[in-house]
Protein chains: 2
Amino acid sequence: MEREPPPSAPRRPTMRDVAARAGVSFKTVSRVVNGEPGVSAALAERVRSAVDELDFRPHPGARVLRRTDRRTASIALLLEDVANPFSAALARAVEDEAVPRGVVVFSASLDEDPGREREFVREFGARHVDGLLLAPAGADQSYLAAELRAGTAVVCVDRPARGLEVDSVLTTNTLGARDAVRHLVAAGHRRIAFLGDRPSIDTARRRFQGYRDGLGEPVDPRLVVHDLRAPGDADGAVTALLTGPAPPTALFTAQNLVTIGAVRALRRLGLEHVVALVGFDDFLLADLLSPGVTVVAQDPAAIGRIAAGLLFARIAGDRGPPQTRLVPTTLVRRGSGEIPPRE
Amino acid sequence: MEREPPPSAPRRPTMRDVAARAGVSFKTVSRVVNGEPGVSAALAERVRSAVDELDFRPHPGARVLRRTDRRTASIALLLEDVANPFSAALARAVEDEAVPRGVVVFSASLDEDPGREREFVREFGARHVDGLLLAPAGADQSYLAAELRAGTAVVCVDRPARGLEVDSVLTTNTLGARDAVRHLVAAGHRRIAFLGDRPSIDTARRRFQGYRDGLGEPVDPRLVVHDLRAPGDADGAVTALLTGPAPPTALFTAQNLVTIGAVRALRRLGLEHVVALVGFDDFLLADLLSPGVTVVAQDPAAIGRIAAGLLFARIAGDRGPPQTRLVPTTLVRRGSGEIPPRE
DNA sequence: CAGTTTCGTGACAACGTTGTCTCGCACGGC
DNA sequence: GCCGTGCGAGACAACGTTGTCACGAAACTG
């Protein structure tokens with residue numbers, strides 16, 4: 001016979017409690033809390049001190065239920081992985097836009113899983129977030145139309161939505177990659193390898209396009225490797241390329257972890273001062289390696305800042321046509337990209 | 001004369017809409033949605049298909065208002081800065097515990113600001129999150145007692161709460177720092193500098209204590225520098241130490257960014273193969289620098305995982321005494337910590 | 001076969017808030 | 001001194017859901 005004595009059912013104070021303490025009706029409390037006019041100064045003061053004494057805060061659930069604007073003052077941030085530096089920097093920038101507006105941020109990681117993307121969108125839609133900031137994982141976002149109709153604002157970051165017109169904030173992937181490759185070409189390289197992520201990912205495809213543009217001559221398919229995700233994959237691919245016949249004299253690595261894998265491989269082969277390397281996306285300490293790693297740097301904070309700005313404009317009622325904003329890249333020369341071809 | 005035709009007031013379907021479509025009372029819908037017994041198979045099926053057709057999802061605000069357990073299936077994560085790798089890895093681990101439980105995660109950055117800490121706690125408390133995972137920024141957390149009374153579970157991560165007994169998950173800071181310094185002592189070093197963050201931060205203080213323990217002899221105050229935050233600070237401090245009289249033969253850097261600043265300084269002075277270095281907290285690419293940077297690695301993912309476990313146990317009703325769980329560090333030898341003293 | 005139990009279903013109140021409506025009263029105009 | 005006017009304040013409904021209760025029909029009991 002076990003019995004757990006309920007420890008006096010924890011409860012936060014409500015407007016009724018405040019009203020009782022101040023000796024007014026609970027509607028008067030509502031008026032004071034919401035700054036509505038039509039309350040005498042004396043009563044308002046009594047209410048305010050009762051609010052302070054009880055540490056009253058209005059219940060957001062009840063509030064959203066009744067309010068006409070239906071705002072929850074919350075947004076959701078759906079990124080590839082909150083632990084990766086690009087996503088994390090973007091998330092922080094979004095938070096910095098949200099907090100001054102009194103808006104809180106849900107965050108979630110999609111792990112390139114379209115199923116997870118849809119589940120999270122559904123979940124946060126049901127929770128009535130005011131807006132959704134999404135880095136799409138799946139190949140089709142037309143399902144988002146239902147959320148837009150239900151009144152949830154949506155802005156895509158890093159990758160555009162497919163099958164639906166919404167605001168997007170993207171890196172100039174094609175141009176950035178083209179610049180990287182042209183930089184190598186300008187140093188005299190002709191055999192430049194491309195190492196990239198899965199081409200089903202929009203950014204990976206665009207960077208490959210930029211590689212082709214930058215080369216300016218037909219691509220040698222033996223110098224192209226796709227579908228690399230982890231540093232280990234890249235390490236293997238680079239090792240195979242450089243120990244095989246007709247090795248490249250330069251590498252263009254089109255993703256963060258691929259770049260790191262390539263650095264590991266070059267180091268192990270003792271070729272880090274012989275084979276040139278330019279990576280897409282900057283990373284911490286790239287300047288302290290020897291040679292420093294030349295990269296095409298993205299600006300995740302700018303993406304987050306701009307995207308949050310667009311989202312809050314939509315939430316505030318902007319009904320203009322969908323916009324695409326492009327955030328430029330910067331070529332950062334650190335040494336590895338300036339190695340001339342071996343002769 | 002401007003007029004915005006309201007675009008048919010976006011609205012999500014409610015139980016009433018589902019009920020109308022299925023030809024039942026809305027209470028029957030509630031029963032089916034919540035899996036309560038006492039609904040005939042035929043009706044339940046009708047309701048389920050109406051739910052699917054309308055893509056109905058119950059309104060969480062209304063639900064929490066009425067439910068006896070008052071659960072919102074949400075938690076808040078209050079960390080130093082979601083963009084820093086330690087916090088980001090911790091956040092990801094927490095998400096991985098929350099998602100399978102159907103719980104969503106708010107995240108926020110405190111930036112070592114006690115005011116921000118209190119505001120966020122207040123905000124998320126008012127939003128009735130089920131639990132709060134907090135890396136305290138302020139010197140006193142006794143104010144949390146009010147949240148606990150109101151029924152919000154709280155677990156501290158990385159740093160203990162002060163002025164209040166709650167569950168905490170901490171790194172073995174003192175032991176880890178002691179091991180690092182002993183490692184240098186074992187290599188023959190006697191003049192080992194300490195470079196750390198503000199001693200008002202619990203972890204910084206403990207790491208300094210570990211330094212003293214590891215030295216085993218009186219500390220030379222000229223080799224101790226506190227209050228370093230950014231890499232630039234550390235760079236300057238290291239430069240001053242090494243170009244001054246009686247320079248140290250080894251450095252113990254007690255924080256991530258400080259370690260990076262120290263590496264920069266050593267590199268600039270050309271002493272990276274002469275002065276030994278052990279850092280507290282691991283970082284990406286530490287192994288690719290030359291020499292590789294020896295560190296005392298923390299395990300932020302384990303901290304997040306364990307803390308989330310404790311939090312969900314509390315939310316589920318665990319009323320046991322507050323626990324403190326310690327997560328051990330690992331000394332990772334990569335070269336910089338194995339340099340013998342210059343003779 | 002009357003009386004009782006069970007079971008499926010719906011009516012209704014309540015959660016804590018905001019929006020609308022009404023009421024009482026002091027005030028000003030004639 | 002009478003009546004509209006305005007204004008402060010409360011009563012009440014409603015938001016979308018869950019918990020409680022009541023009802024009618026079917027299924028048991030003796």
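Every chain is numbered from 1, with letters handed out A, B, ... down the list of sequences. Quantities reported herein were computed from a predicted structural model and do not represent experimental measurements.
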* **Nucleic acid contacts of residues 28-38 of chain B, taken as heavy-atom distances under 4.0 Å to DNA chain D** => B:S30, B:N34
* Asked: Thinking salt bridges, do B:D52 and B:R48 make one under a 4.0 Å N-O criterion?
  -> no
* Give a yes or no on whether a salt bridge exists between A:E95 and B:R116, defined as a side-chain N under 4.0 angstrom from a carboxylate O. => yes
* Has B:R12 got its NZ or CZ under 6.0 Å from the middle of the six-membered ring of B:F56, at an angle within 45 degrees of the ring axis? -> no
* To do: Look at all strands and tell whether A:V39 reaches a base, only sugar-phosphate, or nothing, counting heavy atoms closer than 4.0 Å.
  => sugar-phosphate
* Does A:S168 use its side chain to pair, donor to acceptor, with the backbone of A:T324 at less than 3.5 Å? -> no
* Value in whole Å for how far the P atom of C:dC23 lies from NZ of A:K27 -> 18 Å
* **Under 3.5 Å donor-acceptor, B:T14 side chain and B:R16 backbone** => yes
* **Residue closer to the 5' end of DNA chain C, B:A41 versus A:T68 (nearest nucleotide)** => B:A41
* Structure fact -> First and last nt of DNA chain D near chain B, cut-off under 4.0 Å to heavy atoms, 5' to 3', are D:dG16 to D:dG19
* Asked: When all nucleic acid strands are considered with a 4.0 Å heavy-atom cut-off, which category describes A:R12: base, sugar-phosphate, or nothing?
  -> nothing
* Mapping B:A44 and B:L65 to their closest nucleotides on DNA chain C, which lands nearer the 5' end? -> B:A44
* Is the shortest distance from a Lys or Arg side-chain nitrogen in B:D69 or B:R67 to a carboxylate oxygen in the other one below 4.0 Å? -> yes
* To do: Salt-bridge test for B:D202 and B:R162: reply yes if a basic N is under 4.0 Å from a carboxylate O, no otherwise.
  => no
* Is the side chain of A:D167 donor-acceptor paired with the backbone N or O of A:Q323 at a distance under 3.5 Å, no angle test? -> yes
